[in-house]
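Everything below concerns the one structure shown next.
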4 protein chains.
Amino acid sequence: VPSAIVAGASGYTGALAAALLARHPRFDLVGITSRSDVGMRLSDLYPRHRVKLTLEEFNAERHGQADAAVVAYPHGAAAPVVAALREHGVRVVDLSADFRLRLVDIYEQWYVPHPHPELIGEAVYGLPELRRAQIEGADIVANPGCFPTAALLALAPLAPWLDDVVIDAKTGVSGAGRTPTATTHFVSADENVTPYGVAGHRHVTEIDQELAFLGAPIRVTFVPHLVPLDQGELVSCYCTLRKAVDVEALFARAYAHEPFVELTDRPPGVRDVRDTNFCRIHAHVDERTQKVLVFAAIDNLWKGAASQAVQNLNLMFDVEETVGLL
Amino acid sequence: VPSAIVAGASGYTGALAAALLARHPRFDLVGITSRSDVGMRLSDLYPRHRVKLTLEEFNAERHGQADAAVVAYPHGAAAPVVAALREHGVRVVDLSADFRLRLVDIYEQWYVPHPHPELIGEAVYGLPELRRAQIEGADIVANPGCFPTAALLALAPLAPWLDDVVIDAKTGVSGAGRTPTATTHFVSADENVTPYGVAGHRHVTEIDQELAFLGAPIRVTFVPHLVPLDQGELVSCYCTLRKAVDVEALFARAYAHEPFVELTDRPPGVRDVRDTNFCRIHAHVDERTQKVLVFAAIDNLWKGAASQAVQNLNLMFDVEETVGLL
Amino acid sequence: VPSAIVAGASGYTGALAAALLARHPRFDLVGITSRSDVGMRLSDLYPRHRVKLTLEEFNAERHGQADAAVVAYPHGAAAPVVAALREHGVRVVDLSADFRLRLVDIYEQWYVPHPHPELIGEAVYGLPELRRAQIEGADIVANPGCFPTAALLALAPLAPWLDDVVIDAKTGVSGAGRTPTATTHFVSADENVTPYGVAGHRHVTEIDQELAFLGAPIRVTFVPHLVPLDQGELVSCYCTLRKAVDVEALFARAYAHEPFVELTDRPPGVRDVRDTNFCRIHAHVDERTQKVLVFAAIDNLWKGAASQAVQNLNLMFDVEETVGLL
Amino acid sequence: VPSAIVAGASGYTGALAAALLARHPRFDLVGITSRSDVGMRLSDLYPRHRVKLTLEEFNAERHGQADAAVVAYPHGAAAPVVAALREHGVRVVDLSADFRLRLVDIYEQWYVPHPHPELIGEAVYGLPELRRAQIEGADIVANPGCFPTAALLALAPLAPWLDDVVIDAKTGVSGAGRTPTATTHFVSADENVTPYGVAGHRHVTEIDQELAFLGAPIRVTFVPHLVPLDQGELVSCYCTLRKAVDVEALFARAYAHEPFVELTDRPPGVRDVRDTNFCRIHAHVDERTQKVLVFAAIDNLWKGAASQAVQNLNLMFDVEETVGLL
């Protein structure tokens, strides 16, 4: 059984990754690290997860003994940890944005100076439904952002014909992270809906990049909205195609054998995927305008982050893809 | 002081109209009717509104004595009440869809056989910011739907240049009415976001009709989403224009003197208009795609229904537009 | 592997019991029944649960072949189903109130005429922490109500010394069941807290009965409150004792070896037990008044119903108690 | 028209007091101060309140020109501001705890060293329903805490007979103030109920003090709980009386002429008093235990703070008590 660590386990996604690995029958969770809560038991921070391990300071020597790692540090802080783990041969799934973008200058335009540009080439974009084979052989898997996960699953079957795409996304407050801010204050978020990132959300380049790989060299319009729930994310995609296609058939074919994608008869609600690794998708042609509408629902902390990381680890370590996730 | 009645005061919007008129200094609320709760005091159904009047059965003779009426019956049921009130000379604001659409066949395609098509010509579409002068002289004012209210205020300044529009709307659960259903059950709506009306929502024709009047002969794509809050509505509009325009200047000019429209520096949240007649709007050009993004927030029960009805009554009865609404 | 059925699987608790048994490694879920949704796949009603079985009409012959059953019908309707299953030798956990009360006249005072009073004597009250040995040998286990589960776990260690007890309970809306009503309408429950059952809630006799067995022949004061969340229940118990005791030691001793009871340093929040079979308890002596305050948090659908049923089945079928529940 | 200022208008309660005074027909709001947001317009912080004044630094000379002041600083920081305003003759309603307790040593035991103990004697405890006459003549009115407001209104009619009282309170998150913390994070508060202040909440001495004045020299047991809503507070009081009394008659008599107290047939929900100065109360004798149960619902920001301050100002300045509050 391969041993695994989670670096950065005190945030929402790292803690969930630790919880999933702690009860995973094919990985052995041997260490968890934190920058802010060293010495605490994870079960004190997240009682529901019931992970009794104690948060440690990251130590490349010690944690480098593991076979597998999930890194859940913020962008910029993640790359050095990934680099240190790679030096010791650990195979890594990184939840940050540090290795998602192929072009370092695009990364640096949206984020910070890249601490380890030399590793970008080694990384594989970790959306299993699109890049399963590459992920299996990868040593660094860049786990997709939550919005790109849902948006790309919604758009991939249509990619060759996409002409124009508007993505209106709605996300629960856990997407804003664990640090208390004016935005995440209950009294601000409750009974509210607010668009944000209007001037340009970082996830948009990630979507563009992957759509280009899929044959759609376009720039999408993307606006996320904060809605009053804790976990869950819906993307509503409004697509103009370059020609009429059999939408239903395209989606049926694309996802016929995917264990974690469900096509639904009606638009999905985010409740239906809560605490799961599933993505539920509904595609529909608007008869009045001929636009293709695609709705995809995921749990932002699960398929949008932690459980997708486990799905990637399963692929990397030759474990059946659904183990630990059903 | 003109006397007023509210016909259909046991639903959310009728009850709120009654509450607003009960404390309005320039109208005298003399009667409220209901089909389901005759004999109850409105304050028993809605303690917060503190309207001590008793719900009566509608009686054309008695209620026809009033000067003004707000009718809040469902579509199909409203038109006969409006007709009866008109026979007695009452000037009416109708919250239903019965007199919003100019063309009877379009109405009948989306709703039911029209009970009083002969009255359609008399009705004015009651969006004060667009049709103030007509409303002042009207005897039947068709109060706009909640989504059209927000969408039209968001789009009107851009109408002459609109080429393609996607409207992604988010609404609180009060928009679904007071009748308990599987959809409005707390356990269904809580922690959920769900698109609905995907196959065609009735409000779309209302938006198309009014945009055509404003010079935009287009068909919009419109999808509402149910979000877990009680009151509040946000429309996110993604517009392709036929030419580049000075968006900021257009909105500034359009709404410079509007008492209930506020232009904001950032996208508005629905909390900021809760329990008010205000519409807050933010327009923004997406530099990457040249799409114009417009976000408009209203309270669906207020500006989207009851307080807009009072705004219309103020105009019709030569009362200053903001009285009773600040 | 014993085969199991769930009779009444279309309600919240029956559906969850089916979901837990469907993925249980030591039971084989072979059938699910419903009175209202025959012919539907359970996964269409509850996508998250992913139970692909189809709801059938209850059939004593067919469903009587199973080794185990969870019955989740309403009180009055459950007893006949339990009786029919018992005739075929099925061992049953019943989620209704039909077999919880030892005295038929007390049952009939709070509920309905009892359809099968002759079976009451066979039933064991299924709170594993208090009656583990009896449950192991029982053929009918009456699963406790959600409030009694939390209240009895909170009070049991103090029972011999209890003089007076006030139980103030708070429960999420799923406790009111799946049928849409005025009370469960999102707009009624949202942003609200409401006491109910003030004139006497049925669960109070269940609490009194079991406290009497534990040595506290008292009448508790019990008031539940509806709070705006979907799952979760907190009971706050205010106890006057007949003498001073070492509260901390009593609780530590009582629950030292319980797999599903956690004693906490601070009052527990219901989030911390969401979607688990755990009960978290905090006891505290109020220095000003010498009252003993005990707070217990459970998930009303899990430990308060469906997962406790599985815990009981584990005991009855000699499966380790925690299997399928961690 | 008397001029008024609000010192500390950037918090929830101060901002609401400013909003109420800004639209009050009998006061003239001339200034608002803040320690943290000097230079901002209040309408930028709280768009819904639409108060266009700019937040200033507190200046005793300038703000001392006002006739009336609401002070909404934290305890310890409020007293010096009150003292400075008093020196200039301003009549003050103080929302902090600084002048609520009659005994300086009790204040200092629960709070901080008192900066102006010499002013305590001048202050009147500002619960209008209990001390109307004193408030009218007072120069310093100590506005009650939110919990004491509801609890005292619930208990006052029974005070002479009270033997033992348990108060279980539930409050929305706005009660925790505007500063973002782990507790007020949406993801912590949502879908949660948590008791707090178990080791002793400051409001308990305030309740004890006032009950003693009313003839009940007892120590109450008091535990507040955080529930997932923004505004609203319910206290559930469980009372043992020294003798049987006619509860209904006592409450009817006590509140027959109170403009802001409503006695209800059923336990009140907090939604029914949202955004109002009303307190809704239901009293009930539990036949099984002879305990008297009293439930009182208020809006913690309104009757529990800001609107009660305005009610007090009305009394102090000989304005009809309900002006600006209906």
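With a 4.5 Å cut-off on non-hydrogen atoms, Thr289(C) touches chain D through its side chain but not through its backbone. Both the backbone and the side chain of Val223(D) come within contact range of chain C, each with at least one heavy atom under 4.5 Å from a heavy atom of that chain. Looking at Pro228(C), both its backbone and its side chain come within 4.5 Å of chain D, counting heavy atoms on both sides. Looking at Glu233(C), neither its backbone nor its side chain comes within 4.5 Å of chain D, counting heavy atoms on both sides. At a 4.5 Å heavy-atom cutoff, the contact between Asp190(C) and chain D is made by backbone and side-chain atoms alike. With a 4.5 Å cut-off on non-hydrogen atoms, Ser188(C) touches chain D through its backbone but not through its side chain. For Arg266(C), no part lies under 4.5 angstrom from a heavy atom of chain D.
Across all non-hydrogen atoms, the minimal contact from Thr194(D) to Pro267(C) is CG2-O, 4.0 Å. Across all their heavy atoms, Val270(C) and Asn192(D) have their closest contact at N-OD1, 2.9 Å.
Between His225(D) and Phe295(C), the closest side-chain pair of non-hydrogen atoms falls below 4.5 Å. Two residues are said to be in side-chain contact when any heavy atoms from C-beta on lie closer than 4.5 Å; Glu191(C) and Arg274(D) meet this criterion.
Crowding of Asp265(C) atom CG: a count of heavy atoms from other residues, nucleotides or ligands under 6.0 Å not exceeding 12. Around the CD atom of Glu248(C), the shell of radius 6.0 Å holds no more than 12 heavy atoms that belong to other residues, nucleotides or ligands.
Note: Val198(D) leads Val198(D), Ile218(D), Asp230(D) in heavy-atom pairs under 4.5 Å with chain C. In terms of non-hydrogen atom pairs under 4.5 Å with chain C, the most contact-rich of Gly172(D), Ser236(D), Gly232(D) is Ser236(D). Most heavy-atom pairs under 4.5 Å with chain D: of the set Asp164(C), Val227(C), Asp286(C), Val166(C), this distinction falls to Val166(C). Across Val285(C), Leu293(C), Val204(C), the residue that shares the most heavy-atom pairs under 4.5 angstrom with chain D is Val204(C).
Of the possible polar contacts, one joining the Arg271(D) side chain to the Val187(C) backbone as a donor-acceptor pair under 3.5 Å is found.
Under a 4.0 Å N-O distance rule, the pair Asp168(C)/Lys170(D) qualifies as a salt bridge.
Gln290(C) CD to Arg219(D) CZ: the interatomic distance, rounded to the nearest 0.5 Å, is 9.5 Å.
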